[in-house]
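Computed from a prediction, not measured in an experiment: that's the story for all the values here.
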Amino acid sequence: MADNDSQLSRRSFLKAAGTATVAATATSSVAGCLGGGGDSGATLRYGRGSHSSTLDPQNTTSGEVAKVTNQAYEGLVGFQPGEAALTEALATDWTMDGANVTLQLREDVSFHDGSEFTADDFIATYRRFVDEDYEYYFEDASAYGPFTLGNWIDSVEKDGDYTLNITLTQTYAPFLRNLAMFAAVVISQDAIEGDVDLDGEMVGTGPFELSELDDSNNRIQLTAFDDYWGDSPNVGEVLFLTRGQNSTRAQALVEEEMEIIDGLDPDTIQTVEDSDTASAETVQGINIGYMAFNMSRVEAFRDRRVRRAISYAIDTQSIVENIYSGIATQADQPIPPALFGHNDDLEPYPHDPEQAQSLLEEAGYGDGFEFELTTFQNPRGYNPAPLPTAETIRSNLDEVGIDVTIDDRQFSDYLTYTAEGRHDAAMSGWYTDNADPDNFCYVLLHPQTEAPQDQDWVSWDTEGYNTSNLTGWANTDYMNRVEEAQQTSEQSARAELYNQAVQIAHDEAPWVYVDYADEVRGVSNRVSNYTISAIGGPHLDLVELE
């Protein structure tokens with residue numbers, strides 16, 4: 001059953017057990033406010049910086065897609081709003097004994113296409129994602145397929161319509177948390193085997209169903225699902241609206257043209273705070289912003305002295321204090337401070353151009369070199385000002401003789417470009433999917449394939465390569481510790497292994513560690529019962545409007 005962490009403090013539970021509350025509830029209340037309600041047909045307008053490139057949860061790594069699909073799809077288990085604790089969803093009970101997992105499924109649940117949810121739907125969903133022998137295997141599946149389900153499941157069998165028996169390839173501590181990821185949601189077997197275009201349609205069991213996808217106007221309309229098994233949404237309709245400019249989005253909020261917006265930077269936060277109609281709500285995030293070196297593409301990056309030199313040359317303290325003012329802290333390792341396994345003994349690289357120059361000369365790059373830095377244009381939670389950040393990096397590196405060209409792209413284009421390994425270096429970041437350190441250490445810095453002997457990087461085109469690892473880094477000592485942590489059940493032993501792994505990642509510097517950011521939303525005074533979630537969500541079915 002879902003664990004209950006309400007008796008423990010946020011930080012102590014997270015550091016000790018890794019599964020508890022990750023953020024305080026941020027709720028904008030209005031005196032006497034009782035919701036417009038799904039029955040009344042109230043419309044909630046959610047503003048963001050980028051449109052969804054697809055509606056298929058198995059065809060993306062994008063949080064922009066997940067915030068929409070999470071309204072229409074559900075997993076076997078879920079996350080409690082505003083917390084990292086697991087809760088029931090399409091499974092009502094579960095046990096995990098070593099490599100054997102058994103789940104009891106919820107009965108009387110309907111998909112949006114009218115079909116009834118059974119164990120066969122999860123089996124079809126799993127097979128579409130990872131089983132190349134399945135007639136309906138999805139060849140364009142995202143990088144989530146292997147690390148979410150494919151690397152761990154040996155077999156899935158049903159016992160009747162409402163019991164699943166899953167056998168894992170090994171003991172894998174984060175497995176139940178993987179089932180709560182947005183990419184592991186259950187899709188209708190009828191839709192999968194009926195060849196429904198899931199890029200443009202959603203056939204889940206969630207509280208909202210798709211009403212209209214308007215790509216030409218960057219607009220998605222969802223309506224309350226009449227046959228939803230749980231409590232009906234408190235609003236009748238949700239509109240996802242795209243406004244690329246932060247200032248435009250903030251102005252739409254304060255002029256009451258939207259009710260919730262994300263992707264705020266310090267300037268637009270002030271705009272919201274100065275208004276009489278909305279406020280900026282903040283909770284601690286579980287994320288990291290970083291710059292990844294692509295060792296597969298740039299020979300200079302294969303020398304750790306060069307990577308460390310660049311880490312010394314970039315003034316991340318100035319970026320956090322002067323560009324991300326007030327909404328982020330300086331990063332020093334892959335695991336954010338909120339999670340167990342974070343190594344408290346590590347410190348950020350100081351800004352030290354002299355040390356940087358010395359290391360470059362030692363590595364044979366004293367006269368500098370050049371590379372292209374790819375970034376996205378619109379702000380993300382872990383990087384609220386991508387272009388000013390990239391320009392600061394360019395300026396810092398110019399001081400030590402490194403010539404940087406900035407390549408800025410729309411977010412969906414950026415994701416495709418970097419997933420293909422075409423970047424020299426890339427500004428990137430990550431929100432946790434499951435509130436487990438494995439989701440950072442294995443997903444982002446483990447190649448998920450073997451490296452040639454005596455080499456700590458792999459070519460991008462290596463079979464089975466994990467394209468979420470934007471660096472090509474393949475350090476055997478690091479990989480061994482991460483793999484051992486996956487197979488270890490005892491929490492303190494896992495924490496020690498991650499402490500060792502992130503020490504290696506800090507010293508070897510495959511990334512420039514930039515920041516850990518807060519989660520910030522602009523919220524209308526008309527909204528109540530909205531909880532910012534650092535993981536999962538947003539839970540828009542719970543929102544009430546005045």
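Atoms CD and OG1, from Glu257 and Thr248 in turn, are 10.5 Å apart once rounded to the nearest 0.5 Å. One distance of note links CD1 of Ile402 with CG of Leu373; it measures 12.0 Å at 0.5 Å rounding. In this structure, Glu237 CD and Ser211 OG are separated by 6.5 Å, a value rounded to the nearest 0.5 Å. One distance of note links CD1 of Ile323 with CD of Glu321; it measures 11.5 Å at 0.5 Å rounding. Remark: Gln71 CD to Ile220 CD1 distance equals 10.5 Å, nearest 0.5 Å. The distance from the CD1 atom of Ile260 to the OG atom of Ser524 is 8.5 Å, given to the nearest 0.5 Å.
Screening Tyr144, Tyr431, Phe79 for a ring-ring contact (aromatic ring centres under 6.0 Å, His included) with Phe182, the sole residue that qualifies is Tyr144. Screening Phe301, Phe293, Tyr478 for a ring-ring contact (aromatic ring centres under 6.0 Å, His included) with Trp473, the sole residue that qualifies is Tyr478.
At least one donor-acceptor pair closer than 3.5 Å links the side chain of Asn396 to the backbone N or O of Asp315. Under a 3.5 Å cut-off, the side chain of Tyr414 and the backbone N or O of Met427 do form a donor-acceptor pair. For Asn343 (side chain) and Asp345 (main-chain N/O), a donor-acceptor pair under 3.5 Å exists by modelled atom type. Without hydrogens or angle criteria, Gln317 side chain to Tyr349 main chain gives no donor-acceptor distance under 3.5 Å. The backbone N or O of Glu372 sits less than 3.5 Å from a side-chain atom of Asp424, completing a donor-acceptor pair. Listed for the Ser468 side chain is no donor-acceptor partner under 3.5 Å among the backbone atoms of Leu444. Checked by atom type and distance alone, the side chain of His51 never pairs as donor or acceptor with a backbone atom of Phe240 at under 3.5 Å. One N or O on the side chain of Asn466 and one on the backbone of His446 form a donor-acceptor pair closer than 3.5 Å. For the pair Ser533 (side chain) and Gly536 (backbone), a donor-acceptor distance under 3.5 Å is absent. No donor-acceptor distance shorter than 3.5 angstrom exists from the side chain of His423 to the backbone of Tyr417, with no hydrogens or angles considered.
A side-chain N or O of Ser279 and one of Glu281 form a donor-acceptor pair less than 3.5 Å apart. Between the side chains of Asp199 and Asn59, at least one donor N or O lies within less than 3.5 Å of an accepting N or O. Side chains of Thr374 and Asp407: a donor-acceptor N/O pair is present below 3.5 angstrom, by distance only. At a cut-off of 3.5 Å, with distance as the only test, no side-chain donor of Asp403 or Thr405 sits close to an acceptor on the other residue. Neither side chain, Thr54 nor Asp56, offers a donor N or O lying under 3.5 Å from an acceptor on the other. Using modelled atom types and a 3.5 Å distance limit, the side chains of Asp398 and Ser395 yield no donor-acceptor pair. Defined by atom type and a distance below 3.5 Å, a donor-acceptor pair is present between the side-chain atoms of Gln377 and Asp408.
Scanning both residues, Leu264 and Val520, for their nearest heavy atoms gives CD1-O, 4.2 Å. The two residues Arg249 and Gly49 come nearest to each other via the heavy atoms NH1-CA, 3.4 Å. Here the closest heavy-atom approach between residue Asn246 and residue Asp265 is recorded as ND2-OD2, 2.7 Å. Closest approach of Gly47 to Met258, counting heavy atoms only: CA-SD, 3.5 Å. Annotation for Pro353 and Val400: closest pair O-CG1, 3.9 Å, computed over non-hydrogen atoms. Listed here is the closest heavy atom pair of Leu210 and Leu55: CD2-CD1, 3.9 Å.
Between Arg45 and Glu256 there is no salt bridge, since no side-chain nitrogen of the basic residue lies less than 4.0 Å from a carboxylate oxygen of the acidic one. No salt bridge links Glu508 with Arg308; every basic N to acidic carboxylate O contact stays at or beyond 4.0 Å. Taking a cutoff of 4.0 Å between a charged side-chain nitrogen and a carboxylate oxygen, Asp436 and Arg494 qualify as a salt bridge.
A 6.0 Å sphere centred on CG of Asp276 holds no more than 12 heavy atoms belonging to other residues, nucleotides or ligands. Crowding of Glu255 atom CD: a count of heavy atoms from other residues, nucleotides or ligands under 6.0 Å exceeding 12.
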Test log, rule side chain to side chain contact (heavy atoms under 4.5 Å, CB included), inputs Tyr382 and Glu519: CA-CA 8 Å; Tyr382 43 74; Glu519 298 282 349; over 6 Å; no
Steps toward ring pair (Phe, Tyr, Trp, His ring centres under 6.0 Å) verdict (Phe208, Tyr228): CA-CA 8 Å; Phe208 293 100; Tyr228 184 55; 8.8 Å; no
Test side chain to side chain contact (heavy atoms under 4.5 Å, CB included) applied to Asp332 and Tyr513, step by step: CA-CA 6 Å; Asp332 49 33; Tyr513 304 99; 5.6 Å; no
Criterion side-chain hydrogen bond (donor to acceptor under 3.5 Å, both in side chains) on Gln333 and His342, from CA distance to verdict: CA-CA 8 Å; Gln333 60 190 284; His342 177 87; 3.3 Å; yes
From CA spacing to verdict: ring pair (Phe, Tyr, Trp, His ring centres under 6.0 Å), His112, Phe225: CA-CA 7 Å; His112 301 155; Phe225 178 39; 4.6 Å; yes
Verdict with supporting geometry, Ser247 and Arg243, side-chain hydrogen bond (donor to acceptor under 3.5 Å, both in side chains): CA-CA 9 Å; Ser247 57; Arg243 302 289 185 272; over 6 Å; no
Side chain to side chain contact (heavy atoms under 4.5 Å, CB included) between Tyr324 and Asn383, intermediate numbers included: CA-CA 8 Å; Tyr324 305 171; Asn383 185 341; 3.0 Å; yes
Residues Ser52, Glu64; criterion side-chain hydrogen bond (donor to acceptor under 3.5 Å, both in side chains); working and verdict: CA-CA 6 Å; Ser52 299; Glu64 290 295 350; 5.9 Å; no
Stepwise side chain to side chain contact (heavy atoms under 4.5 Å, CB included) check, Leu445 with Trp511: CA-CA 9 Å; Leu445 283 169; Trp511 295 345; 3.4 Å; yes
CA sep, side-chain torsions, deciding dist, call: Gln503, Asn499, side-chain hydrogen bond (donor to acceptor under 3.5 Å, both in side chains): CA-CA 6 Å; Gln503 176 77 61; Asn499 273 200; over 6 Å; no
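For the pair Ile335 and Cys441, the minimum side-chain heavy-atom distance is below 4.5 Å. Within the 4.5 Å cutoff, side-chain heavy atoms of Val65 are placed close to those of Ser53.
Remark: Asp413 pairs with Arg409 by the salt bridge (charged side-chain N to carboxylate O under 4.0 Å, His left out) rule, at least two apart or across chains. Contacts of Asp262 classified as salt bridge (charged side-chain N to carboxylate O under 4.0 Å, His left out), with partners at least two apart in sequence or in another chain: Lys67.
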